[in-house]
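The structure appears right after this line, and notes come after that.
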Amino acid sequence: MATTAPAMKTKKMSMHEALNQALREELSRDEKVVILGEEVGLYNGVHYVTRGLYQEFGKDRVIDTPISEESFVGVGVGMAIMGFRPVVEMMRMDFSLRAMDQIYNHMAKIHYMSGGHLKVPMVLRGPEGPGPNPGLTAQHGQQLTALFAHCPGLRVVTPATQHDAKGMLKAAIRSDDPVVFLEPGPLNNKQGEVGEGEYLVPLDRADTKREGGDITLIGYGASVALCLQAARELEHDGLSAAVIDMRCLRPLDMQPALASVAKTGRALIVEYAWQSYGPGAEIVARLMQDAFWDLDAPVGRVSGKETPLPYAANLEELSKPQLDEIVAKAKEIAAA
Amino acid sequence: MATTAPAMKTKKMSMHEALNQALREELSRDEKVVILGEEVGLYNGVHYVTRGLYQEFGKDRVIDTPISEESFVGVGVGMAIMGFRPVVEMMRMDFSLRAMDQIYNHMAKIHYMSGGHLKVPMVLRGPEGPGPNPGLTAQHGQQLTALFAHCPGLRVVTPATQHDAKGMLKAAIRSDDPVVFLEPGPLNNKQGEVGEGEYLVPLDRADTKREGGDITLIGYGASVALCLQAARELEHDGLSAAVIDMRCLRPLDMQPALASVAKTGRALIVEYAWQSYGPGAEIVARLMQDAFWDLDAPVGRVSGKETPLPYAANLEELSKPQLDEIVAKAKEIAAA
Amino acid sequence: MSTTSESIPTPAAARPGRSSAQWKRMLRMMITIREFEHLGEQEFRNGLIRGYYHSYAGQEAVGVGMLEALDPSHDYIVDHYRDHGHCLAMGIDAEQVFAELFGRRTGVSKGKGGSMHMYSPDKHFLGGDGIVGGGISVAAGVGMALKRMPGKGLCVCFFGDGALDTGTFHESLNLASLWDLPVVFVCINNQYSMGTSLQRHSSLSQLVDRASGYGMPTEQIDGQDVGAVYSASERIFAAVRERQRPCFIEALTYRYQGHGIHDKPLNYRTTEEEEPWRRRDPIRLLSEKLIEERQMTPAQIEKMRQEVTAELEAKAERARQAPAPEARELFDDVMI
Amino acid sequence: MSTTSESIPTPAAARPGRSSAQWKRMLRMMITIREFEHLGEQEFRNGLIRGYYHSYAGQEAVGVGMLEALDPSHDYIVDHYRDHGHCLAMGIDAEQVFAELFGRRTGVSKGKGGSMHMYSPDKHFLGGDGIVGGGISVAAGVGMALKRMPGKGLCVCFFGDGALDTGTFHESLNLASLWDLPVVFVCINNQYSMGTSLQRHSSLSQLVDRASGYGMPTEQIDGQDVGAVYSASERIFAAVRERQRPCFIEALTYRYQGHGIHDKPLNYRTTEEEEPWRRRDPIRLLSEKLIEERQMTPAQIEKMRQEVTAELEAKAERARQAPAPEARELFDDVMI
Ligand SMILES: Cc1ncc(C[n+]2csc(CCOP(=O)(O)OP(=O)(O)O)c2C)c(N)n1
Ligand SMILES: Cc1ncc(C[n+]2csc(CCOP(=O)(O)OP(=O)(O)O)c2C)c(N)n1
Ligand SMILES: [Mg+2]
Ligand SMILES: [Mg+2]
């Protein structure tokens, strides 16, 4: 399955519109699909992802929940083991900290603990990281990707483009595994080309966004755009940077990154997450394991700063991975 | 502060006895210290760590709680910001999944969010991983180290010896930072020498357990013992292995590991945690960053298998890092 | 919205009277459970069972009386970790339950789950659960599913008195009431949450009162008298089916053994306290009734016990002989 | 253990009557809050405030009446995210609150916290909190501390009607009752949990009934009438102090603005619904009373409003001129 089949007709829309299309198409296709979450229905979704679906599919398919994250994730698990395909929204993924027991101990493990007798075909989705709007502060703008990616039994994916957002969400809903679908908050309102009609993007394939010979920039979710920006800047300095979108974090597909590093011998990970014990560390560890002999310099990381997200505009901006940091670090690695 | 001051008088005891001594000494020293948790009082503690303390210090200092993990962690936070020093026990660290919101969003962040106006001098402690007894199964024997270690604002430590257990727990209780103190379940009932009386072990220093010239084995918590065992086996093959106990995971002290790798040029991480996005990944990433030019071979990892902990005895055993795996991998790395 | 003052009506559909065959079936099942737990505890001491063992001895009337009233083709149960008895009462073959406890691949969860994680969707048994309160929201989800399926099925959810201290209990009851779900929440009040008596963990002594804030009918029943449990269940299930509304039942009972196999209950309770409960032993109560009503003689009951024991021993033996899972099965069923 | 049927007695200590100065102080504070929110929303639209803005307009009588009854030297409050009004009523300088909203280092949380994370331990204000229900257990912890400190202090904990749907609310009430804590749990029932009306998120319409399962007195009060709030609070606080037992208050009120600044409430409610609440506007009610009793003239009230506004504008201006945090402060106060 190609990410952007060249033949496909596309339309420009925001990521939330792309996600909304995916939900609408899947709700129409399969009556076992239901949506649960806070303000997803009558209110139309705080981040617009479920806009119009309550009106179209009714309150038995698009279900408004009280502020009971642990338990409505559990409701999703219960519906899933009975053959439904619940899509459970976290208004922000930060709130999934309330539901970690259901996520780790139920959603992820029931298939295994039951000796395969039960399946849990559900999707947990919502925005993470410092966006779409600024000023989210410490408890609302975290990027907790690593917490999910560490848990066996889950599939964990995050799209970097509007097109992938649609195709991956549709694939996630059809997956018989439980899927954590992380929507990059900073991209929620950003526009891009999206394929029209039916297509799926696989949940186990990283994607090469740009070829390059001097250094491999590796991102996932919102940081892929930073990588692409940096690659354009680096061009001015005569450096050709490849950009890999990791996209599928669990299971992690290293193939495109390895192929690129085999050519460039140099790599830099870019991420919004906190660096220590963040997703980037696993990517580095896998490059260590499978690309060591290809590497001409240590793999670097530019990550979110290791602080709770501060409020003041200048500090908030500084806490995110900075374009000039990425460019400088890439040059340093390329020169090493 | 030395870990085992050679002059110190020691006594043989189990890790739970060492922890118990630490708690008793701190409860006696500072009346602001209180203990909270399920069955910590009248029942004497499921893993014996609080044995006798309820009788000695009474129900206002050693407080039995209902099964309300989220909220009694919050009670700890509330007491801590008021100047108390609560030590909150999770009967098993698995249950802290229920309390993740309090841990991530309150315990870890209030100091920062308040601009430093409030401190949260509390300790969250309990056993993690597949032990002391076998058959803990999927929801009771997880090693969730990485979830805590990823969170800015927390100190995260885990002792590998009985002696460190006592000295580090005392230091954790006196720390003005919130500390997650992870007790290696497999070591709970294991005996070792423990210093008598008053001493502290710092919360920001990894420890060299054994010097060696050919390869550096790096563990934390229960896997340090595996590293030492493997080092003895490797001796028979003529390989001299250093063993580093990472001990302090956040902030992570890389200094002894880097010093050792500067000599050996080779390293292997051993851990009970799941490999992908586990703590070992960060250690590899830090070696990549700061020891790349010293490395003669890629750093390896032997970790817990990436499955929920299975029940059947043979599968459970296989799911843990195996001694022969470690030895074989170490030889492979040494030969590369 | 409904008020708290509802009581559970007797709907027309309630079936009158019961046959002698039914009484004998219930007696036989209670004896089966008692003897099963007896054999199981022996095998634990023999080392064949590892980890946890939570005996249902003393509480048999609750599960047997209640599950006898189910519609086996449409109703489901979601259980907690004290689940062997409920497995048997749902018709799961004791051999499969033993095999699970022995870690055999013929076990009901293929040896992967163990004591707390039995699953048999065929028998509409959707799991034990090791997390206190962990199944309550899952049961609400099963109710959501049943409401959308034909057959007016309902979900019975079992948990202990300790589970009322978990937030998810309250969240789930609110959801179930708000959404009109056919779920019967059954609190098996055996007076203890591990070693903590009701008085020490619950702010109110009548647990029906702690479920009074959700606008659903509540009822306290005598959990020692299987006939009383059965009659109440028949009436309540019919009402839940008809009204498509949840209800809450508190079944008063007592566990004979410690919380788990290592627990010595006389450390926190007295034989004087135990005595009146043992006088009202559920098997004894029913036996006396059947003898009094001349439905059975003492000799017939003793013969029944011997038959049951012989049958169970044969099943245990077959389970012992069954193979352990193969090593490669470790990674089966982590994902699909 | 206590029963649910307790009512709150009038202890001897309740202070009788109130002075004209007190009425004027409360009026001035309500006007201050109203005007503060007005200015704040303007500054949000001007782009000076970012992220979230939850206005307290319409609810002023609850905080002002209740906090007027506090013992400022021994009592504390723990708040939710709608916290500007409570900050002012606790005596925090409006300049510091503006400065926090503007992301200035002179802000009450040094610009790190933002709208939802104000903290001033000096003024016994222990935080707003962005997580619904997140502060309730923290307040129980503050109660645990106060119980162990001299002065018979109590903790007032504010949260919305939506917080009753979080498990931690129920866990914490059980703990507070079980442990006899001097905590006043105040549910500010403004009829909506974001866009979800009470009827759509709560299984019972009387929220006092949802707190009936914890053996603590409950009371519903008129949250529009500051005098009624003050009288009830005086009486209730004295009882809580004397009995060292918690209680639950439901204050009936209404928020004038959307949930946050971007929310348009007429998408889910009507002006007909709003109208009766606006007729009983808390500032209007008190103004009318003072005019009727000839304690103030309309002109005096208008003058007061103008004074307050001028003062607030001056403070806002000083806050605008204050410096942003310096870049190096990003990493301050992550740890000690
Ligand atoms: C979330 C969580 N916390 C703690 C435990 C440990 N634990 C297991 S059972 C139990 C007591 C539960 O008592 P109750 O709910 O009354 O059930 P019973 O054992 O009496 O059947 C505790 C504390 C757990 N399994 N899960
Ligand atoms: C755990 C959690 N879930 C969801 C949210 C998003 N959220 C913020 S406020 C709110 C509504 C709360 O309403 P209520 O408790 O009645 O307080 P009010 O806003 O009316 O003052 C929601 C859903 C959150 N902040 N925290
Ligand atoms: Mg119990
Ligand atoms: Mg509200």
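Here D/Glu171 is the residue among D/Met118, D/Glu171, D/Lys112, D/Lys110 with the most heavy-atom pairs under 4.5 Å with chain B. When each of D/Ala140, D/Gly113, D/Pro121, D/Gly167 is checked for heavy-atom pairs under 4.5 Å with chain B, D/Pro121 comes out on top. Counting heavy-atom pairs closer than 4.5 Å to chain B, the top-ranked of the candidates D/Leu181, D/Ile336, D/Thr168 is D/Ile336. Of the listed residues (D/Leu126, D/Val78, D/Leu146), the greatest number of heavy-atom pairs within a distance under 4.5 Å of chain B belongs to D/Leu126.
With rounding to the nearest 0.5 angstrom, the CG atom of B/Asp101 is 5.0 Å from the CD1 atom of D/Ile131.
For B/Asp176, the parts lying under 4.5 angstrom from a heavy atom of chain D are both the backbone and the side chain. Contact of B/Arg155 with chain D is made through backbone and side chain together, with heavy-atom distances under 4.5 Å. Contact annotation for B/Asp177: both backbone and side-chain heavy atoms come within less than 4.5 Å of a heavy atom of chain D. For B/Ser175, no part lies near chain D; criterion is any non-hydrogen pair under 4.5 Å. Only the backbone of B/Leu154 comes within less than 4.5 Å of a heavy atom of chain D; no side-chain atom from C-beta onward does.
Proximity of B/Pro251 to D/Met335: side-chain heavy atoms (C-beta onward) are separated by under 4.5 Å at one or more points. Side chains of D/Trp179 and B/Ile63 form a contact here, defined as non-hydrogen atoms less than 4.5 Å apart. Side-chain atoms of D/Ser137 and B/Val73, non-hydrogen and from C-beta on, never get closer than 4.5 Å to each other. With contacts defined as side-chain heavy-atom distances shorter than 4.5 Å, the pair D/Asp129/B/His106 qualifies. Looking at heavy atoms from C-beta onward, D/Met144 lies out of side-chain contact with B/Phe84 at the 4.5 angstrom threshold.
Atom NZ of B/Lys119 has 12 or fewer heavy atoms from other residues, nucleotides or ligands within 6.0 Å. Counted within 6.0 Å of NZ on D/Lys123, heavy atoms from surrounding residues, nucleotides or ligands total 12 or fewer; the atom is thus considered open.
In this model, no donor atom of one side chain and acceptor atom of the other lie less than 3.5 Å apart for D/Asp122 and B/His117.
Although no hydrogens or angles enter the test, the distance criterion places a donor-acceptor pair under 3.5 Å between the side chain of B/Gln102 and the main chain of D/Gly134. Of the possible donor and acceptor atoms, one in the side chain of D/Arg148 sits under 3.5 Å from a partner among the backbone N and O of B/Asp60.
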